[in-house]
Every structure is written in structure tokens, then in C-alpha cells.
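Side chains included, hydrogens not; waters and symmetry mates left out as well; all remaining heavy atoms used. What you are looking at is a predicted structure, and each value in this text was computed from that prediction instead of being measured.
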Amino acid sequence: MQKIFRQMIQHGAAGGILLFFAAVVAILIANSALAGAYEEILSLTVSVIVGNFAIEKPLLLWINDGLMALFFFLIGLEVKRELIDGHLSSPSQIILPAIGAVAGVATPAIIYTILNGSDPIAARGWAIPGATDIAFALGVLSLFGSRVPISLKLFLLSVAIFDDIAAIVIIALFYSAEPSVLALSIAGFGLVALFVMNRMGVRYQSVYILIGLVVWVAVLKSGVHATLAGFAVALLIPLKTKNSHEESMLESMEHGLQPWVAFFILPVFAFSNAGVNLTGISLGDMLNPVTLGIALGLFFGNQFGIFSACWITVKLGLAKLPEGANWQQLYGVGCLCGIGFTMSLFIGSLAFENLDPSYISSVKIGVLAGSLFSALLGSLIIYRSLNPSVKTAAYELPTRK
């Protein structure tokens with residue numbers, strides 16, 4: 001179990017660096033002579049046709065609906081493992097990151113709504129600044145190497161896990177279309193089949209994957225966002241049942257999927273969604289309510305919400321600071337949680353789907369600005385808080401009792 005958690009941290013750190021380069025390349029291309037080709041490729045229609053059944057979507061939506069479903073599948077596997085047999089399996093380990101995550105979602109939403117609540121279309125983006133990109137955040141935190149207590153990395157990862165759960169709920173409740181009863185019924189039967197297989201101890205991963213694919217297609221056709229299928233299927237993958245290789249089925253899938261998500265799926269998503277044309281952007285564009293609400297929500301909302309909620313929780317005696325960490329470092333991590341990037345861009349694409357493209361441009365500018373300033377401030381605070389003479393093992397996890 002410690003090995004898997006260590007790999008999550010290492011893959012997240014390296015993946016965060018790759019995400020950064022993918023985003024920079026996308027922005028450079030979007031502001032070059034290749035901008036037209038970039039947009040044309042992402043708009044290319046890709047079809048899968050079997051008899052009378054067909055799925056036809058632009059390449060960008062295949063990435064956002066298909067590859068991101070695998071990302072949410074991995075999140076679901078991590079959530080289930082951590083809640084059943086991991087660092088979030090006891091109330092004492094859950095309280096601080098859970099409360100911090102709730103405040104980190106609510107406070108940015110309040111800031112955004114204050115600036116955009118009077119516009120019913122703009123108000124759809126209220127959830128955008130409450131998201132945290134764990135790969136980017138861990139990537140920044142990893143720059144400090146062994147001087148950062150492992151407990152601080154675990155706290156950041158735990159906050160992000162609860163943040164992802166909140167994102168799943170928000171997408172299901174607020175960003176899904178009118179559902180198709182027939183398609184949802186098929187998805188429901190698939191999930192029931194997975195549950196029965198789980199209880200019967202079926203050992204064949206291929207069967208789970210095949211039924212999971214059917215569930216994803218059904219949810220895709222239902223009007224509910226397809227990424228939710230990935231999360232739902234993951235919760236029904238057995239943790240204790242061994243696969244044909246005598247490994248925990250859930251841990252085997254998680255271990256196999258982590259590098260693909262970190263080094264392929266998220267960078268491809270970043271490259272496809274971060275490209276914003278900065279030509280002709282004025283001060284007015286930078287200060288429009290949507291851009292400003294997202295940037296301020298990410299930058300101020302996360303650091304203030306997470307730190308103040310954690311401070312109150314600790315002072316009330318309901319939880320303790322992460323072992324070996326101080327208040328300044330916790331505040332720095334709160335700032336790093338303002339790096340929204342992947343999840344913020346994803347929620348933004350759902351909030352303003354099929355609306356004026358200017359909204360998506362505002363989302364990209366706001367997310368990039370808020371994430372950049374959050375990363376810079378968080379890095380500065382953590383750098384100033386570190387005592388060079390005190391070192392901890394970079395990836396040495398505490399022994400579970």
C-alpha cells in the first residue's frame with residue numbers, strides 16, 4: 001500500500017512538470033502560424049460505427065469525454081482504496097483534509113458568484129475556481145525535495161482526493177443534460193452486473209473492463225457526462241479479490257493506469273484545452289467578471305478558505321497539523337491548491353459548452369492567471385518556511401500501525 005501511495009506522489013510530481021510543458025506548447029502554437037491547424041485538428045470529427053450504432057464527436061470531445069473518463073476511473077480507484085484501506089480509512093485522518101477541501105470548493109465559488117451572480121450565463125461557471133490540479137500542485141511541491149515533510153504531501157493529496165469527489169458530485173448535479181431513461185437503464189444494469197461480480201469474487205479483469213466500457217457508452221448516450229461512468233465503475237472494482245496474476249485487482253488496475261494518466265492522458269488534455277490565442281487581448285478582457293472571478297477564486301479563495309478552515313479545526317481540537325509541518329507550510333499548500341488547471345479547464349468546458357467561444361477564452365485566461373499566481377505564491381511561502389538543516393526522507397512513508 002505504501003508503494004502505491006509513493007508512486008502516486010512520484011507520478012504526480014513528474015506528471016505536473018509534463019503538464020506544464022504541454023500547456024506552454026499549446027499556448028505557443030495557438031499564438032503562431034500553426035493556430036489554424038491546431039483548431040482544425042481538434043475539430044476533426046472521429047466516428048465509431050457498428051451497424052446502426054454510431055458515436056460521432058470532434059477529437060476534442062473524444063479527449064474530454066473518453067480519455068478523461070479514464071482519469072476519473074483512476075480517481076475512483078484511488079478514492080476507494082484510500083477510504084477502505086489507506087490513509088483516509090480512519091476519522092482522525094479524514095477530518096482536516098475533508099474540511100479544508102470543502103472550504104476550498106465553497107470559498108472560490110462564493111467569490112465567483114459575487115462577481116457573476118447577476119448574469120445567469122456567466123454564473124454557470126461558479127464551480128470552476130474550486131478545483132485543484134493535483135499533478136501540478138504535487139509537481140510544484142516536489143521541487144523542494146526532501147525538505148518538505150511527507151505528511152504535507154499526504155495532506156495535499158488527501159485534499160485533492162476530496163476535491164475530486166466534490167467535482168464528481170458537481171458535474172453530476174449541475175453539468176449533465178436531460179438524461180435518457182433507456183441509456184441510463186442500460187448503464188444501471190451494467191453497474192449491477194459489476195456489483196454481483198464483485199460479490200461473487202470474479203477474478204477476470206477483462207470482464208470488468210468490457211462491462212465498464214458498455215457502461216461508459218450508455219452514460220455517454222444518456223446525457224449524463226460520460227466521465228461519471230469512469231468513477232462509478234471504479235467503485236465496483238474489488239480491492240480484496242485477486243486477479244489471475246494473484247494481485248489485488250483494484251491495485252493492479254491502479255498501478256497500471258497511473259503512468260498512462262500522468263504521462264499521456266493529462267498532458268494530452270492540457271495540450272488540447274490550454275491553447276488560448278492571446279493576440280488582441282485587452283485589459284478589459286483580463287478584467288471581465290468571468291476571468292476575474294476565476295482568477296480571484298483560484299488565487300484568494302483556495303488559500304483563504306483552506307487555511308482558515310484548517311486553522312479553526314485545529315484550534316478547536318478536532319484535528320492536528322500534519323506531522324512535522326508548521327502553519328506557514330500549511331498556508332503554502334493552501335496556496336498551491338489554487339492551481340486549478342486541468343480540472344478547472346474541464347469544468348469550464350462543461351459550464352460553457354455550446355455557448356459563445358469568448359466564455360471559454362475567459363475561462364482559459366482566468367485559470368492560467370489564477371493557477372500561475374497560486375503556484376508562485378505557494379512556492380515562495382514554502383521556500384521561506386523551510387529550515388535547510390532539517391531534512392526528511394523524500395518518499396519515506398510512515399509505518400502503519
Would you say [atom1] of [X] has more than 12 non-hydrogen atoms from neighbouring residues, nucleotides or ligands within 6.0 angstrom?
X	atom1	answer
E246	CD	yes
Y38	OH	yes
F352	CZ	yes
F300	CZ	no

Counting C-beta onward and ignoring hydrogens, is there a side-chain heavy-atom pair between [X] and [Y] closer than 4.5 Å?
X	Y	result
K221	I55	yes
Y208	V202	yes
I27	L368	yes
F269	L67	no
S32	L28	no
M343	D163	no
C337	L156	yes
N326	Q329	yes

Ring centres under 6.0 angstrom apart (W216, F73): no
- prompt: Does the side chain to side chain contact (heavy atoms under 4.5 Å, CB included) test come out yes or no for E254 and I237, once each step is laid out?
  reply: CA-CA 10 Å; E254 183 182 359; I237 301 298; over 6 Å; no
Minimum heavy-atom distance between [X] and [Y], given as atom pair plus value:
X	Y	answer
G370	S374	O-OG, 2.8 Å
A270	A26	O-CB, 4.2 Å
A234	K80	O-CD, 4.0 Å
G348	V363	CA-CG1, 4.0 Å
S272	I63	OG-CD1, 3.1 Å
L298	G366	CD1-O, 4.1 Å

For the [atom1] atom of [X] and the [atom2] atom of [Y], what is their distance to the nearest 0.5 Å?
X	Y	atom1	atom2	answer
I360	I365	CD1	CD1	11.5 Å
Y331	C310	OH	SG	13.0 Å
L236	F231	CG	CZ	10.5 Å
F341	F20	CZ	CZ	10.0 Å
T313	L96	OG1	CG	6.0 Å
Q205	L250	CD	CG	9.5 Å

Checking the side chain of [X] only, and the main-chain atoms of [Y] only, is there a donor and an acceptor separated by less than 3.5 Å?
X	Y	answer
N243	M249	no
E39	A35	no
S344	I128	yes
N116	P289	yes
S385	I382	yes
S185	V181	yes
D356	Y359	no
S222	S180	no
S308	G305	yes

Would you mind checking if E251 and K242 are paired as a salt bridge, meaning a charged N to carboxylate O distance below 4.0 Å?
-> no
**OP:** Could you walk me through whether M253 and I209 pass the side chain to side chain contact (heavy atoms under 4.5 Å, CB included) test, one step at a time?
**Re:** CA-CA 10 Å; M253 288 186 177; I209 293 171; 4.1 Å; yes
- Does the side chain to side chain contact (heavy atoms under 4.5 Å, CB included) test come out yes or no for L239 and S248, once each step is laid out? CA-CA 6 Å; L239 175 63; S248 164; 3.8 Å; yes
- Query: Taking the inter-plane angle between the rings of F72 and F346 on a 0 to 90° scale, is it parallel (under 30°), tilted (30 to 60°) or perpendicular (over 60°)?
  - Reply: tilted
Step-by-step side chain to side chain contact (heavy atoms under 4.5 Å, CB included) determination, N64 to N273 | CA-CA 9 Å; N64 291 354; N273 288 271; 3.2 Å; yes
